[in-house]
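Following: one structure in structure tokens, then a few remarks.
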Amino acid sequence: MNTLVCNGTVVAPSRMIENGAVLFAGGMITDVGPRADVEARYYRAHGQRARLGTIDASKGIIMPGFINSHHHLYSTFARGMSIPGTPARNFTEVLEKLWWKLDNELSVEDVYYSAMVPLLECVRNGVTTIIDHHESQGLQIGVLDVLRQAVEKTGIRAALCLGSSDRYRKGWEGVVENARFLGQLRKKPSRLVSAMVGLHAAFTVNDETLAASVAVADEFNAGLHIHCAEDLADQKDSLKKYGMRVVARLKKFAALGEKTLLVHCVHVDEREMNIIRDSGSMVVHNPESNMNNAVGCADVLRMLSKGITVGLGSDGMSSDMLAQMRCAYLLQRHDKKDPRLAFCEAPAMLLGNNARIAGRIVARKLGKLEKGAPADIVILDYVPPTPLLRDNFLGHLLFGMVDAAADTVLCDGKVLLRRKKFVGIDEELIGEHSRRAAARFWKRIARA
Ligand SMILES: [Zn+2]
């Protein structure tokens, strides 16, 4: 079935087309342009009586689905969870008091429902591709299958991995699970799901686990996905245990490269940035999460000026990528006390660099509306209150579209959200199951 998304402004995003249209069939975009031109070409090729379905954008903005380069679907049950004792004083205590307790107790049901909720939130926010980093030390073997089920049920794209970690001396289990899942996808590829090799963070991964993970990544030509210098504690640990900084250690183990995702890089120095650049590794900035954990502000503008591909993630804080973009923009200005900064860079991280990152990891032409790209499309319910032009698009994006709701979302040509309602998914029922599972989980965690 050929379908035309029309009656809106197409932001491709390299070009803007007023009264534009996107034609797709079989999950792939086959034509993009002014509506009259696309329709004329279609009927010329297929005959005047050919059938053509339409999706009316109601004068909204037609864009490629957004990409989240670093998510944690498993983080849902932390919402509203009470944490006994005194509040965490620093990043290490945040991990010990909250995240490491939580990820050691997750059951199969918990992993499934804690993933379904943010996956639906991704759709609600027009996000059609995520790169997830899963942690569940108490449930490792087989856990990526549970996440895969949730992703396929929702219908968006995801690159999945399990963050191997030796904090409970179970790094080998994580390596085995990442290899098992990559092997499964090699035998039976999925249209929506792909995989990486996850490592929790340099300071929780011993040399053996690091070397084994690099070997798995090499075997499957997959990317490595690791938290890198999120807090100063990571650097201190690396210097103390290994006599070298985090990025130097990753280089020593051949963990860097064009498919490697280094998450955060808040505390990397100039030399480390140069190593990252020379290796072609990619960085993911997570401004809301960094502010929440009070770990500092990554110098993303410096990294970008060096030519490093820096994308944007939410780190499990939310599934709203437009909000992460605005936060990145505000944080750079606030941190450097300079109101000239980040106006172009923050949107470029979301719309340009996340597409490059996803292109290398998921190996598809994502984040673009053009012939040959998957039909991953969001229609934003945004009626510009001032003239919207190619030259002022970023102003509308940062100060207007950032708060606009997604009206319609398609992934792989399938409509997931239409007129702000989920298609074929009972959101209320999933919420109900999630609340029940979370209540049981909280009781278990209180006893642990
Ligand atoms: Zn993270």
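Side-chain atoms are counted along with the backbone in the values below, which use heavy atoms only and exclude waters and symmetry mates. Whatever order the structure lists them in is the order used to number ligands and atoms, beginning at 1. Residue numbers start at 1 and run along the sequence shown.
- By the 4.0 Å N-to-carboxylate-O rule, Asp338 lies too far from Arg333 to be salt-bridged with it.
- Under a 4.0 Å N-O distance rule, the pair Asp299/Lys306 does not qualify as a salt bridge.
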**Message:** Between Asp207 and Lys241, does the salt bridge (Lys or Arg N to Asp or Glu O under 4.0 Å) criterion hold? Intermediate values first, please.
**Reply:** CA-CA 11 Å; Asp207 285 351; Lys241 281 194 205 145; over 6 Å; no

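- One finds no salt bridge joining Arg124 and Asp320 here, because no Lys/Arg side-chain nitrogen approaches an Asp/Glu carboxylate oxygen to under 4.0 Å.
- A salt bridge links Arg79 to Glu121: at least one charged side-chain nitrogen sits closer than 4.0 Å to a carboxylate oxygen.
- Protein N, O or S atom count below 2.8 Å of the Zn ion (ligand 1): the structure gives 4.
- A salt bridge is defined here as a Lys NZ or Arg NE, NH1 or NH2 lying under 4.0 Å from an Asp or Glu carboxylate O, and Asp110 with Arg444 meets this definition.
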